2 protein chains.
Amino acid sequence: MSHMGYSCLMALDRDQVLRSAAALLTRKSTATMDEVAKAAGISRATLHRHFAGRDALVRALESLGIAECEAALDAARPEDGPASEAVRRLIRAFEPSAGLLAFLYTENQLFEGEEQNQGWARIDERLTALFRRGQEAGEFRIDLSPAWLTEALYGLLASGAWAVSDGRVAAKDFTHMIAELLLGGARRTDA
Amino acid sequence: MSHMGYSCLMALDRDQVLRSAAALLTRKSTATMDEVAKAAGISRATLHRHFAGRDALVRALESLGIAECEAALDAARPEDGPASEAVRRLIRAFEPSAGLLAFLYTENQLFEGEEQNQGWARIDERLTALFRRGQEAGEFRIDLSPAWLTEALYGLLASGAWAVSDGRVAAKDFTHMIAELLLGGARRTDA
DNA sequence: CTATTGTGAGACAAAAATGTCTCACATGGG
DNA sequence: CCCATGTGAGACATTTTTGTCTCACAATAG
């Protein structure tokens, strides 16, 4: 039965295609379907077999991004332990998805579809809840709103992903640099 | 002599066209020249009179962005006084250009032209120099590299611009939220 | 008023991207 | 071996976007 082989290989392929598409579209958001296909190492015909068109491709990217964010949130257990530690776990869990997230964060003002926006709203909610919890526990300062901290987390994840992919910072420092900046800032505290 | 009237009005128009183009392209990077023109409130013909094509438009946006960043750096005197204060002045000086900068930061991996890249390299250099100065003065922690702090500053400026334009944070808090997060982080220090 | 200048609207062809086919080929299971 | 399935290459019509042009109109300086 070739059906198993089909779904298995397809799923892997599709995932990799989406990832390379995200990587390309982040750098060159006006890239052609043909360029996307070449970047993924497949032909335009095959790309078109998987995704009916450019819109479908972007929507698929968004769905994947939402799913990965949800999974990362689940894995990081944001409700457990000190909020600072939860933020660290969260950033570590987000790291593999950071490239995709960077693309979506800069592009997602595009669609206002029902499902998609609900997905992001849910993720935003879980993130702001974490920062709110940290504030209520007296762990985080209260003059920076949870909404802003959430926004900043997205921005820093995107900056980190780009800085790593451009070689401006080492990949192994990704989590540390984002977490330390977000939590502790640039100022010395042991002075 | 109508020449004065010409250059005067044109300069203003051109600037406003570029700004609305940046605002639109940030949200929808695949926007058509026609959409850009409509967003600027002018006809496609007029847009095309100012900018030969899409490339020319983006290049003009980049030139404007570089010029504004240089001007902001000059105005903020990054070499004077405590580095923290210099960073605050810098963020305040960057605020009017943040929307434009957000677009360029997410899109500038596009061109690798000589002049443009030199312009950005120069700005990067001045920013990293400021963070390096802060580290050498013992004001900033040394485990976050100046290159990363520079990158993070770009990212936070972009996040701030989007958050403000989407109404997620108040415009008046722009400088404070970015400066405090970048310098002090989310963690309470007075606990 | 009159001439100049910039503009908007629209026509138009050229170029680019997209969506849809067909066909030959490779691979892997039966 | 033979067949089914996914693929790459490329042809093709369609659609979209672009670049260029013309013309009428408004504003403004002289």
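First the proteins, then the strands, lettered A, B, ... as listed; each starts at 1. This is a predicted model, so every value here is computed, not measured. Both backbone and side-chain heavy atoms feed into the values below; hydrogens, waters and symmetry mates do not.
Summarising the local packing, CZ of A:R133 is surrounded by more than 12 heavy atoms from other residues, nucleotides or ligands at distances under 6.0 Å. More than 12 non-hydrogen atoms from other residues, nucleotides or ligands lie less than 6.0 angstrom from CZ of B:R19.
Atom pair A:H50:NE2 and D:dG6:P shows a separation of 9 Å (rounding to whole Å applied). Atom CZ of A:R14 is separated from atom P of D:dT7 by 13 Å (rounded to the nearest Å). Distance A:D13 CG to D:dT5 P: 17 Å, rounded to the nearest Å. Spacing between atom CG of B:D34 and atom C1' of D:dG19 amounts to 13 Å, rounded to whole angstrom units. Rounded to whole angstrom, the span from the CG atom of B:L57 across to the C1' atom of D:dT18 amounts to 13 Å. Atom CZ in B:F51 sits roughly 16 Å away from atom P in D:dT20 (whole-Å rounding). In this structure, the CG atom of B:D55 is 17 Å from the P atom of D:dT17, given to the nearest Å. The distance between atom CG of B:L47 and atom P of C:dG10, rounded to the nearest whole Å, is 17 Å.
Considering only residues two or more places apart in sequence or on other chains, A:F140 meets the ring pair (Phe, Tyr, Trp, His ring centres under 6.0 Å) condition with none of them.
Using a 4.5 Å cut-off on side-chain heavy atoms (C-beta onward), A:E95 and A:L157 make no contact.
Using a 3.5 Å distance cut-off with no hydrogens or angles, the side chains of B:E107 and B:S29 do not pair a donor with an acceptor. Using modelled atom types and a 3.5 Å distance limit, the side chains of B:T106 and A:Y105 yield no donor-acceptor pair.
Here B:S43 does not reach the OP1 or OP2 of C:dA9: none of its side-chain N or O atoms lies under 4.0 Å away.
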Grab the N/O contacts between the protein and nucleotides 19-21 of chain C below 3.5 Å, and write none if there aren't any.
{"residue": "C:dG19", "atom": "OP2", "partner": "A:H48", "partner atom": "NE2", "Å": "3.3"}
{"residue": "C:dG19", "atom": "N7", "partner": "A:R44", "partner atom": "NH1", "Å": "3.2"}
{"residue": "C:dG19", "atom": "O6", "partner": "A:R44", "partner atom": "NH2", "Å": "2.9"}

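Of the candidate nucleotides C:dA17, D:dT17, C:dG8, D:dT17 has the atom nearest to the side chain of B:T32. With D:dT7, C:dT7, D:dG8 as the candidates, the nucleotide lying closest to the side chain of A:I42 is D:dG8.
Of all heavy-atom pairs spanning A:L61 and A:L25, the tightest one is CD1-CD1, 4.0 Å.
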